Amino acid sequence: MMKSFRDRLPAPAGQRHDLSPWSVLKQSMGKELTRITMPVVFNEPLSFLQRMTENAEYYPLLVQANNSDDPVNRMELVTAFIVSTLSSNLDRLNKPFNPLLGETYELQREDYKIVCEQVSHHPPISALHMESPSVIFEANLCPKLRFSGTQIIIKPEGRMSLTLKRLQETYSWSHVNCVVHNILVGKLWFEQNGQMHISCKQSSLQASIKFKPAGSDQRDLHRFEGHIIDGDERKIRCVFGKWTEYLKVAPYHDLDHSPRRTSEGPRKMYAKLNRLTQSLTVGSSPAGKSSSAEDDNLVHPDWRLLWEANKRPEHSKDHYNFTMFAVALNELPEGDELQRLPRTDCRFRPDIRKLEEGDLDGAALEKSRLEEQQRERRKALKKEGKQWEPLWFKETPEGSWAFTGQYWKREFSAAPEIF
Ligand SMILES: CC(C)CCC[C@@H](C)[C@H]1CC[C@H]2[C@@H]3CC=C4C[C@@H](O)CC[C@]4(C)[C@H]3CC[C@]12C
């Protein structure tokens with residue numbers, strides 16, 4: 001029988017009334033993410049470690065990729081997976097809790113298992129390892145925040161890599177920036193911005209995708225567009241869509257060289273013309289927006305849909321805009337499953353627990369207690385001239401963090417008391 005998880009949080013989110021993020025953030029100019037302290041009303045009841053595991057929501061795309069015998073199709077599916085990892089960010093404008101040093105999180109779903117650990121506090125580095133019969137997925141994440149005018153620009157640094165096990169094929173990619181708008185006044189909103197490169201060492205295929213700014217009329221809100229490129233730098237596929245909704249792929253037809261020129265030419269021209277006149281006459285009306293998607297389909301009549309975002313739960317708006325996947329992440333398991341978790345697991349953090357129960361004051365108290373305790377531990381270590389050693393990941397000579405594999409032996413007696 002399929003295991004079932006909770007479909008809502010125990011309590012709706014607290015209201016932040018008119019408290020603007022700026023009133024708090026102005027003291028944090030130029031600071032690292034972990035040095036910014038904000039009132040808990042700005043938090044969501046998840047640790048950043050839990051938030052990272054949301055990458056796995058569309059895991060079945062990876063199984064599909066691993067089973068495919070066509071390298072281009074594998075690249076298409078991996079690209080779809082990578083774009084899908086961004087989708088849960090839509091409207092998630094509360095800050096996940098900064099993990100304490102040594103905090104861990106584990107997640108086992110379908111046929112995969114994930115371990116995350118906070119391996120460094122300054123700078124904040126979170127490490128993730130995911131393994132299944134089909135794939136190994138590793139991520140190191142160190143988000144850097146910069147304030148600029150009325151927006152926050154988040155530069156996620158760190159290495160991402162994926163291995164499809166059947167053919168031992170490896171993929172790596174870069175992050176794009178995300179921008180939180182309107183931190184002074186108005187409604188907060190969020191966009192992904194910049195160029196992403198995905199490359200596969202063995203097949204020499206690459207994907208290059210541009211996440212577009214919304215533009216003044218919001219016509220390109222959440223849109224991305226790009227190509228899959230072969231080892232000779234030739235474009236072979238177009239990929240496009242909205243990172244919040246879907247990804248489509250279509251063959252690339254070079255207007256000058258394609259044998260389909262005659263049949264495609266007029267259609268493309270028509271689409272372009274159509275787009276031009278639409279943008280002239282409709283402008284920023286909602287009709288103008290939807291027609292942009294229609295144009296895409298006209299320009300690429302032979303598109304295929306590779307990924308579509310799951311619907312958010314009904315009560316998502318009152319629950320921090322969580323996806324169904326996110327809702328279940330902080331659920332406490334029962335019986336044996338609970339017994340075998342290490343005491344460093346996020347699910348035991350009292351501040352996160354209190355926030356999800358709607359107890360804001362309790363959460364705030366616990367949060368400052370934990371942070372104070374962490375400072376004390378840090379001082380004590382320093383006095384002894386020691387350095388913090390993560391338990392489950394080791395730093396490599398290249399400066400990234402590799403999973404040691406020991407976690408799954410489940411010998412947690414050495415796990416520190418951090419909550
Ligand atoms: C109160 C306000 C304005 C501050 C809120 C800051 C929130 C929205 C920020 C803080 C850290 C950010 C995350 C940092 C790193 C990544 C990895 C990247 O690949 C996707 C975006 C993602 C997951 C960011 C999403 C937005 C984020 C959660």
Side-chain angles (χ1 to χ4, degrees), residues 10-11 14 24-25 27-28 31-53 94-107 115-128 140-145 329-333 338-395 401 406-407 410-419:
V24 192
L25 284 171
Q27 301 132 25
S28 312
K31 281 194 191 166
E32 259 169 23
L33 191 56
T34 45
R35 298 211 195 250
I36 303 173
T37 42
M38 299 189 78
V40 281
V41 266
F42 288 106
N43 281 111
E44 61 176 20
L46 285 179
S47 159
F48 193 69
L49 298 182
Q50 293 168 309
R51 175 97 176 232
M52 271 177 99
T53 65
N94 288 56
K95 189 172 167 288
F97 284 73
N98 293 327
L100 298 163
L101 193 54
E103 189 174 307
T104 60
Y105 185 65
E106 67 165 79
L107 186 71
V115 182
C116 298
E117 181 176 8
Q118 189 72 2
V119 294
S120 160
H121 194 62
H122 293 306
I125 304 174
S126 315
L128 171 148
N140 292 171
L141 208 58
C142 172
K144 296 247 161 77
L145 267 68
L329 291 175
N330 201 42
E331 184 174 7
L332 270 180
L338 182 69
Q339 294 305 317
R340 51 180 206 179
L341 290 177
R343 55 177 165 269
T344 48
D345 195 280
C346 306
R347 296 170 181 88
F348 298 124
R349 265 188 82 154
D351 48 357
I352 299 183
R353 183 67 52 204
K354 292 222 149 108
L355 182 62
E356 76 160 38
E357 286 164 355
D359 175 5
L360 264 86
D361 295 339
L365 276 174
E366 288 291 357
K367 181 162 171 275
S368 45
R369 183 180 66 80
L370 294 183
E371 284 163 356
E372 182 53 38
Q373 219 171 265
Q374 163 154 278
R375 277 189 289 274
E376 292 303 321
R377 274 199 306 279
R378 200 181 171 78
K379 271 191 220 153
L381 264 182
K382 214 175 165 188
K383 235 186 189 164
E384 294 173 48
K386 284 194 195 143
Q387 268 219 318
W388 176 265
E389 292 278 344
L391 286 180
W392 317 112
F393 289 81
K394 284 259 165 302
E395 196 169 7
W401 292 86
Q406 298 298 310
Y407 183 94
R410 293 199 177 281
E411 283 159 19
F412 296 135
S413 49
E417 195 77 61
I418 51 174
F419 300 147

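The figures that follow rest on heavy atoms only: side chains count, while hydrogens, waters and symmetry mates do not. Here the structure is a predicted model, which means the values were calculated and not measured.
The side-chain heavy atoms of F393 and N140, taken from C-beta on, include no pair separated by under 4.5 Å. Within the 4.5 Å cutoff, the side chain of Y105 has no heavy atoms near those of the N330 side chain. At a threshold of 4.5 Å between non-hydrogen side-chain atoms, the residues L391 and P342 do not count as touching. Here the side chains of P143 and F48 are in contact, with some heavy-atom distance below 4.5 Å. Between L141 and L128, every side-chain heavy-atom pair lies at or beyond the 4.5 Å cut-off. Between Q50 and I352, some side-chain heavy-atom pair lies under the 4.5 Å cut-off. With contacts defined as side-chain heavy-atom distances shorter than 4.5 Å, the pair P96/M52 does not qualify. Residues L355 and L360 are in side-chain contact: their nearest non-hydrogen atoms beyond the backbone lie under 4.5 Å apart.
One distance of note links CZ of R377 with NE2 of H121; it measures 10.0 Å at 0.5 Å rounding. Between the OG atom of S47 and the CZ atom of R349 there is a distance of 6.0 Å, given to the nearest 0.5 Å. From K367, atom NZ reaches atom CG of N43 across 5.0 Å, with rounding to the nearest 0.5 Å. Note that CD of Q373 is 10.0 Å distant from CZ of F419, once rounded to the nearest 0.5 Å. The distance from atom CG of L329 to atom CD of E356, rounded to the nearest 0.5 Å, is 10.5 Å.
Under the 4.0 Å criterion applied to side-chain N and carboxylate O atoms, R369 and E372 are not assigned as salt-bridge partners. One finds no salt bridge joining K354 and E357 here, because no Lys/Arg side-chain nitrogen approaches an Asp/Glu carboxylate oxygen to under 4.0 Å. Between R353 and E366, none of the side-chain N atoms (NZ, or NE/NH1/NH2) sits under 4.0 Å from a carboxylate O, so this pair counts as no salt bridge. Between E371 and R375 there is no salt bridge, since no side-chain N of the basic residue sits under 4.0 Å from a carboxylate O of the acidic one.
What you find for L338 and P333 is that their closest heavy atoms are CB-O, 3.5 Å. Taking every heavy atom of both residues into account, N94 and V41 meet most closely at ND2-O, 3.5 Å. In plain terms, the two heavy atoms of F97 and P45 that are nearest each other are CE1-CA, 4.2 Å.
Remark: K386 pairs with E384 by the side-chain hydrogen bond (donor to acceptor under 3.5 Å, both in side chains) rule, at least two apart or across chains.
For the pair R347 (side chain) and E106 (backbone), a donor-acceptor distance under 3.5 Å is present. A donor-acceptor pair is defined here as one N or O able to donate and one able to accept, closer than 3.5 Å; such a pair exists between the side chain of R343 and the backbone of A415. The main-chain N or O of R410 is never found under 3.5 Å from a side-chain atom of R340 such that the two would form a donor-acceptor pair. Side chain of D351 to backbone of A363: no donor-acceptor contact under 3.5 angstrom is found.
Between W392 and F412, the ring planes lie perpendicular to each other; the angle is over 60°, past the 30° to 60° tilted range.
Of the residues L49, L370, T344, the one that meets the side chain to side chain contact (heavy atoms under 4.5 Å, CB included) test with L100 is L370.
Side-chain atoms of Q118 and S126 include a donor-acceptor pair closer than 3.5 Å.
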